[in-house]
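As a basis for the values below, the full set of heavy atoms in this structure was taken, side chains included, without hydrogen atoms, waters or symmetry mates. Protein chains get the first letters and strands the later ones, always in sequence-line order, with residue 1 at the start of each.
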There are 2 protein chains.
Amino acid sequence: MNVHEPERRLVTLSDVARAAGVGESTVSRVLRNQGSFSKRTQDRVAEAVARLGYVPNRLAGMLAGSGSTAGAKLVGIIIPSLTNIVFPDLLRGANAALDHDGFQSVIGVSDYDPEREEALIGALLSWRPAGLIVTGLEHTAGAVARLRASGIRIVEMIDTDGDGLDIVVGFSNRGVGCDSARHLLARGYRRIGYVGHDITRDLRAAKRLAGFRETLREAGHPLAETEIAPGPSSAAAGRAALGRLLARRPDLHAVYFSNDDMALGGYFHCLAEGVAVPGRLALFGFNALDIAAAMPQPLTTIRTPRLEIGAVAVERLAADGPAETVDLGYELIAGATA
Amino acid sequence: MNVHEPERRLVTLSDVARAAGVGESTVSRVLRNQGSFSKRTQDRVAEAVARLGYVPNRLAGMLAGSGSTAGAKLVGIIIPSLTNIVFPDLLRGANAALDHDGFQSVIGVSDYDPEREEALIGALLSWRPAGLIVTGLEHTAGAVARLRASGIRIVEMIDTDGDGLDIVVGFSNRGVGCDSARHLLARGYRRIGYVGHDITRDLRAAKRLAGFRETLREAGHPLAETEIAPGPSSAAAGRAALGRLLARRPDLHAVYFSNDDMALGGYFHCLAEGVAVPGRLALFGFNALDIAAAMPQPLTTIRTPRLEIGAVAVERLAADGPAETVDLGYELIAGATA
DNA sequence: AATCAGATTGGCAGCGCTGCCAAACCCTGT
DNA sequence: ACAGGGTTTGGCAGCGCTGCCAATCTGATT
């Protein structure tokens, strides 16, 4: 509809200035509500902006303002996936805080691929953001070098088990695994299995499993069996994987899942096969999905402060505080399945 | 860690040019792999870039390139929510296509608020994107004016029931409602109810309901009862709402839900209350969530081409084709609940 | 050796906006 | 009428990069 028009040049700030009969910098000041100007000027500028349908060019603004404080109102965010609702939630939390501070975000999705993350870091840095929020503590050497060289604030979110580059906001995934194991042990479960998805890519899941396994071992009831579904987590994968696990080890008392999606699938398997939960088999998830809480038997799981992580990440980025690790903790939800 | 350093100026293209002993435009050409240059030059530039750790400044690049074809490699996307997995899926589809064409995206979330959408349109336009992808066909007058004035390509996605501004990619939500009703009627269900979430905000859900209701009425079996849960859709809301609906109308044969989240909740209600599905009560959802397919009884629902919508939206935006409506259709999944 | 098309290169004017600074203005008080 | 201090204002030089164009170089051809 528009593309073929005779190259109508867009309205610029200078057009507005001319139309309002004031100088360019005056328009700029009025639009950013910064510095001082008279009411009369303000009205004239507002009128001209409305009449001409002026839309400021942020590109130019950020370029001109770069170097100064007000310059960058942009945050880059890299998440590993959009498939798992966890990450949209993180974005949601970040977005709310971002809006609040007048920031905008540019988002990259790495598909759990470190190489891709490195490339995304480069791409996002080229926007000259005020800060970058990435997922997890593990990055390629190249990625770390780029982050370091960028000179901007970095937030690594979700995971606190390790050393961060700058700010770290999250919780201990290892701790989650330990506490999950302790809960199952406390409830008397002894022969315990694990059903997970591809852990070589999801390092946080691997850390949870490590904590879980170690706690069980220390208690003298080592992890009896594991079943890893290829590909990303999903209810279907969880259902199938639990089926395979139980085929090998029908004597298990409880199963720990890499997350609620998988656990939900496991629950459905039990429902379909008539396996009594938790009487015959206990199920334990991770992430406290809404759906898992609405089930006839609410899933026993761990709630993580997803929205809060996103919000705090943005907040710290904007705050110019010291490099530090913020542990937002987690909460065990004792449902009806374990 | 970085903020307090002595304002080290970032490496610019001109630094690279000097270091490589070539002109600025040569560096620019090499970096964009455009125009011609010798192998020797390319190597020298590559070396300098690596040695200096140069990161191009996209802001400057886009500003300088604006007006030309190659200029804008940016697409703005506005979605109403991140809570429902549908929208991340749309983003996922768009992202894949975007990467393919070397585009980047800037995302805005409107929270189903038309005013907020209008504001976001302004915000995204100020990035001077090559195109904008928005959700649905209904916008405020101001939003329409801005979109029209922008002179860029617009894609309205998900809904094809109405007139679009430029390109429309989606399916008929009304048609979904009609076909859902036809399916239930064909299976012999007569006393049919509806459980939905706040429809004043989710206009697509309202269109589905309208189609559903009309088809039932025309068949002589008008919608028996509706129950609207306040707030966004969720399994918990669906479960509670079905409870309320059945309390009023225990004689219903089937219930149509505004989407799978709600339907899942409804299914859990039945499970918990011992209502036989579909013998005693049939359930019909919308969106074909993975989870719904993994249940012991797969949910009867409608699969929508979410990834494809996102991908096609981007594709059309880049293609510079005519303004048109692309109907990607949908598919009825005859599960075990209706 | 002169010629010529094509490949390769560098210089420089913007892109639209903001920061800085000097100029103009305003209102007191004297 | 004039100085003094604050408030408003406009001009203009960049921000870092790309587009354009003229200059230079290359190798083959006559």
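Rounded to an integer number of Å, the gap from B:Arg18 CZ to C:dG10 P is 14 Å. Rounded to an integer number of Å, the gap from CE of B:Met62 to C1' of C:dC17 is 16 Å. C:dT18 atom P lies 12 Å from atom CG of B:Leu59, rounded to whole Å. Computed from coordinates, the A:Glu24 CD to C:dC21 P distance equals 19 Å when rounded to whole Å. We find that CD of B:Gln34 is positioned 9 Å from C1' of D:dT18, with the value rounded to whole Å. In this structure, A:Trp127 places its CH2 atom 16 Å from C1' of D:dC15, rounding to the nearest Å. Look at CG on B:Asn33: it is 16 Å from C1' on D:dT18, rounded to the nearest Å. Atom-to-atom, CZ of A:Arg128 to P of D:dG16 comes out at 8 Å; the value is rounded to the nearest Å.
Judged by atom type and distance alone, A:Arg58 does not reach the base of C:dG16 through any side-chain donor-acceptor pair under 3.5 Å. In this model, no side-chain donor or acceptor of A:Ser14 finds a partner on the base of C:dG16 within 3.5 Å. In terms of polar N and O atoms assigned as donor or acceptor, the side chain of B:Arg29 never comes within less than 3.5 Å of the base of D:dG19 in a complementary pairing.
In this structure, A:Asp99 pairs ionically with B:Arg116, as a charged nitrogen and a carboxylate oxygen lie closer than 4.0 Å. Between A:Asp15 and A:Arg18 a salt bridge is recorded (basic side-chain N to carboxylate O distance below 4.0 Å). A:Arg204 has no carboxylate O lying under 4.0 Å from a charged side-chain N of A:Asp159, or vice versa, which leaves the two without a salt bridge.
Proximity of B:Arg32 to the phosphate of D:dT18: a side-chain N or O atom is located under 4.0 Å from OP1 or OP2. For A:Thr26, a side-chain nitrogen or oxygen approaches OP1 or OP2 of D:dG10 to under 4.0 Å. For A:Ser36, no side-chain nitrogen or oxygen approaches OP1 or OP2 of D:dG6 to under 4.0 Å. Of the side-chain N and O atoms in B:Ser38, one or more sit less than 4.0 angstrom from OP1 or OP2 of C:dT9. The phosphate of C:dT18 (OP1 or OP2) has a side-chain N or O of A:Ser28 nearer than 4.0 angstrom. At D:dT9, one or more side-chain N or O atoms of A:Thr41 fall inside 4.0 Å of OP1 or OP2 (strictly under the cut-off).
Overall bending of the helix from C:dA1-D:dT30 to C:dT30-D:dA1, expressed as the angle between end axes built from five pairs apiece, is 50° (10° steps).
The line from CD of B:Glu117 to CD1 of B:Ile78 is 5.5 Å long, rounded to the nearest 0.5 Å.
Judged purely by distance below 3.5 Å, without hydrogens or angles, the side chains of B:Ser28 and B:Arg32 pair a donor atom with an acceptor atom.
Taking for each of A:Ser25 and B:Asn57 the nucleotide of DNA chain D with the nearest heavy atom, the 5'-most of the two is the partner of A:Ser25. Taking the nucleotide of DNA chain C with the nearest heavy atom to each of B:Arg40 and A:Leu13, the more 5' of the two is matched to B:Arg40. Mapping B:Ala60 and B:Phe37 onto DNA chain C by nearest heavy atom places B:Phe37 closer to the 5' end of the strand.
Two residues are said to be in side-chain contact when any heavy atoms from C-beta on lie closer than 4.5 Å; A:Glu324 and A:Arg316 meet this criterion. Looking only at side-chain heavy atoms (C-beta outward), B:Ile167 and B:Glu156 stay at 4.5 Å or farther from each other.
The two atoms that bring A:Arg128 and B:Leu59 nearest to each other are CB-CD2, 4.2 Å, heavy atoms only.
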